[in-house]
2 protein chains.
Amino acid sequence: MNKLYVVGMGPGAYEEMTVRAVKTLEQCQVIVGYTLYVDLVREHFPGKEFLTTPMRQERERCRLALETARSGRTAAMICSGDAGVYGMSGVLLELGQEYPQVEIEIVPGVTAAVSGAACLGAPLMHDFAVVSLSDLLTPWEVIERRLRAAAEADFVICLYNPSSRKRADYLKRACDILLDFREANNLCGLVRNIGREGTECRICTLAKLREMKTDMFTTVFIGNSETREVGGKLATPRGYRL
Amino acid sequence: MNKLYVVGMGPGAYEEMTVRAVKTLEQCQVIVGYTLYVDLVREHFPGKEFLTTPMRQERERCRLALETARSGRTAAMICSGDAGVYGMSGVLLELGQEYPQVEIEIVPGVTAAVSGAACLGAPLMHDFAVVSLSDLLTPWEVIERRLRAAAEADFVICLYNPSSRKRADYLKRACDILLDFREANNLCGLVRNIGREGTECRICTLAKLREMKTDMFTTVFIGNSETREVGGKLATPRGYRL
């Protein structure tokens with residue numbers, strides 16, 4: 001059986017990969033990924049063949065990885081964060097049905113909700129919802145319904161893909177929805193370039209968040225009604241009966 | 001400044017720790033944790049002093065770690081999964097206010113939602129909500145409200161602490177709530193002993209999940225309306241327009 005590993009590399013720095021992810025990449029002949037992420041790991045895995053495809057060409061990238069494995073070379077597809085959270089593992093499992101000779105193994109990694117939370121303090125700690133603001137594959141009405149539901153039920157909320165050039169005002173629109181249910185001074189946090197050079201962490205109110213500019217390397221956190229600031233860090237209590 | 005590290009060790013196996021977590025523990029003199037988790041890492045860190053407290057004594061464990069760091073020894077508090085998801089990092093930040101000499105650094109790890117999802121296939125992939133069924137610190141009404149909100153907005157749902165000896169029927173009660181909004185054949189998954197010896201993965205329907213027995217080492221996944229079974233694995237599509 002030919003092996004294809006789908007490896008979550010964590011936020012970006014080599015040290016944030018799991019030992020299993022490192023060992024998996026060391027034993028592979030070919031590493032496939034989006035150009036930016038391949039460049040982050042290249043120096044740590046000398047002697048490997050690297051295959052890259054540009055952003056957006058995810059299905060092509062998956063086929064490239066599957067074809068490589070079918071040809072008899074042990075391959076890994078790398079994803080930033082975890083391969084199963086807005087990553088490639090689902091698409092690979094689907095397309096993998098056409099490659100019965102290839103066995104797919106998923107190696108989990110630290111997703112941005114978790115690594116970003118660690119930068120900010122401890123904003124998750126209690127029940128939380130993860131929502132992507134990208135409407136590339138999801139109708140905005142579905143995103144809006146999820147934001148309402150999560151806001152109303154007092155979940156801590158973590159937003160992936162808060163905006164991009166084409167979706168410059170999406171974070172503002174999301175904040176307007178959240179402000180229907182939450183106080184303007186609800187505590188929030190932003191983390192940019194998690195686990196890479198130039199990590200930026202910032203704590204602000206929901207009203208202030210509405211005015212912030214973010215990009216595709218930013219992860220946004222909206223605390224629940226109990227989230228507070230403790231020594232310059234965000235902390236959500238473990239419950240409501242403390 | 002005396003350092004105290006809060007380290008998420010991932011699901012349990014040494015290999016599932018990040019490189020940063022391993023390096024952090026290697027440079028510490030003292031490792032503090034719940035007996036069960038300390039036993040999982042002990043053999044990999046010879047020469048360290050290990051301090052343990054039983055389950056439930058979390059605040060005492062935090063104080064033990066803070067006192068150790070204050071006394072001048074570099075210490076790490078280990079948590080299973082990630083320290084910030086139903087973990088100790090929030091409590092440590094709070095109690096840490098009383099120990100201004102101690103600088104706390106949080107080292108993120110792979111939480112059960114992510115590691116369990118990798119065992120099952122790719123059930124997360126899209127927006128998801130994480131809910132703990134433990135009502136030790138949270139009124140059941142809050143838990144119920146969150147389950148309703150997450151079910152209605154078609155989130156993939158991941159349940160932590162689905163039951164224990166004292167809460168034997170909580171998973172059944174949760175399923176009854178979810179069944180108000182979801183089909184009986186909504187796909188679900190269970191993972192027991194993630195990343196440890198004897199990992200068990202199982203896929204079933206929501207109706208079947210209602211009848212299942214789980215324990216505190218089980219993590220439960222409820223797919224969204226689009227989640228399907230692909231080659232024996234759970235896979236949620238990346239969107240609604242595929």
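Here is the naming used below: chain letters follow the sequence lines, and residue numbers restart at 1 for every chain.
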Chain A contact via Leu92(B) - side chain, backbone, both or neither, heavy atoms under 4.5 Å: neither
Considering only heavy atoms and a distance below 4.5 Å, find which of Val22(B), Ile157(B), Val130(B) pairs most often with chain A. Val130(B)
Only pairs at least two apart or in different chains count here, so list each ring-ring contact (aromatic ring centres under 6.0 Å, His included) that has a residue in residues 82-130 of chain A. Tyr86(A)-Tyr160(A), His126(A)-Tyr240(A)
Identify the two heavy atoms, one from Pro108(B) and one from Val114(A), that lie closest to each other, and give their separation to 0.1 Å. CB-CG1, 3.8 Å
Going by heavy atoms in the side chains, are Glu94(B) and Arg228(A) under 4.5 Å from each other? yes
Pair count under 4.5 Å, heavy atoms only, with chain A: among Gly8(B), Gly87(B), Ser115(B), Ala117(B), highest is Gly87(B)
Counting only N and O atoms by type, is there a donor-acceptor contact under 3.5 Å from the side chain of Asp127(B) to the main-chain atoms of Ser132(A)? yes
Which atoms of Glu58(B) are under 4.5 Å from chain A, going by heavy atoms: the side chain, the backbone, both sets, or neither? side chain
So which of Lys233(B), Glu15(B), Arg146(B) has the largest heavy-atom pair count under 4.5 angstrom toward chain A? Arg146(B)
Heavy-atom pairs under 4.5 Å with chain A: which of Thr111(B), Val107(B), Asp154(B), Ile143(B) has the most? Asp154(B)
With a 4.5 angstrom heavy-atom cut-off, could you sort out which part of Ala113(A) is near chain B: side chain, backbone, both or neither? neither
Portion of Ala13(B) that has a non-hydrogen atom of chain A nearer than 4.5 angstrom: neither
Most contact-rich option vs chain A, by heavy-atom pairs under 4.5 angstrom, among Ala235(B), Ser89(B), Pro11(B), is Ser89(B)
Report the option among Lys23(A), Glu105(A), Arg148(A) that has the most heavy-atom pairs separated by less than 4.5 Å from atoms of chain B. Lys23(A)
Looking only at non-hydrogen atoms, find the nearest pair between Ala118(A) and Ile106(B) and report the distance. CB-CG2, 3.7 Å
I'd like to check the ring pair (Phe, Tyr, Trp, His ring centres under 6.0 Å) partners of Phe45(B); sequence neighbours left out, ordered by chain and number. none
Take Glu152(B) and Arg145(A), measure what salt bridge (charged side-chain N to carboxylate O under 4.0 Å, His left out) needs, and give me the verdict at the end. CA-CA 9 Å; Glu152(B) 188 163 21; Arg145(A) 182 155 60 108; over 6 Å; no
Working to the nearest 0.5 angstrom, can you tell me the gap between Met125(B) CE and Leu93(A) CG? 8.5 Å
If you compare all heavy atoms of Arg238(B) against all heavy atoms of Val91(A), which two are closest, and at what distance to 0.1 Å? CD-CG2, 3.2 Å
Which pair of heavy atoms, one from Val110(B) and one from Gly109(A), lies closest together, and at what distance? CG2-C, 3.9 Å
Taking every non-hydrogen pair under 4.5 Å, which of Ile104(B), Asp82(B), Val230(B), Leu124(B) racks up the most with chain A? Val230(B)
Close side-chain approach of Glu16(B) to Val19(A), heavy-atom, < 4.5 Å: no
Is the number of heavy atoms from other residues, nucleotides or ligands within 6.0 Å of CZ (Arg202(A)) greater than 12? no
Which atoms of Val6(B) come close to chain A, meaning under 4.5 Å heavy atom to heavy atom: side chain ones, backbone ones, both, or neither? neither
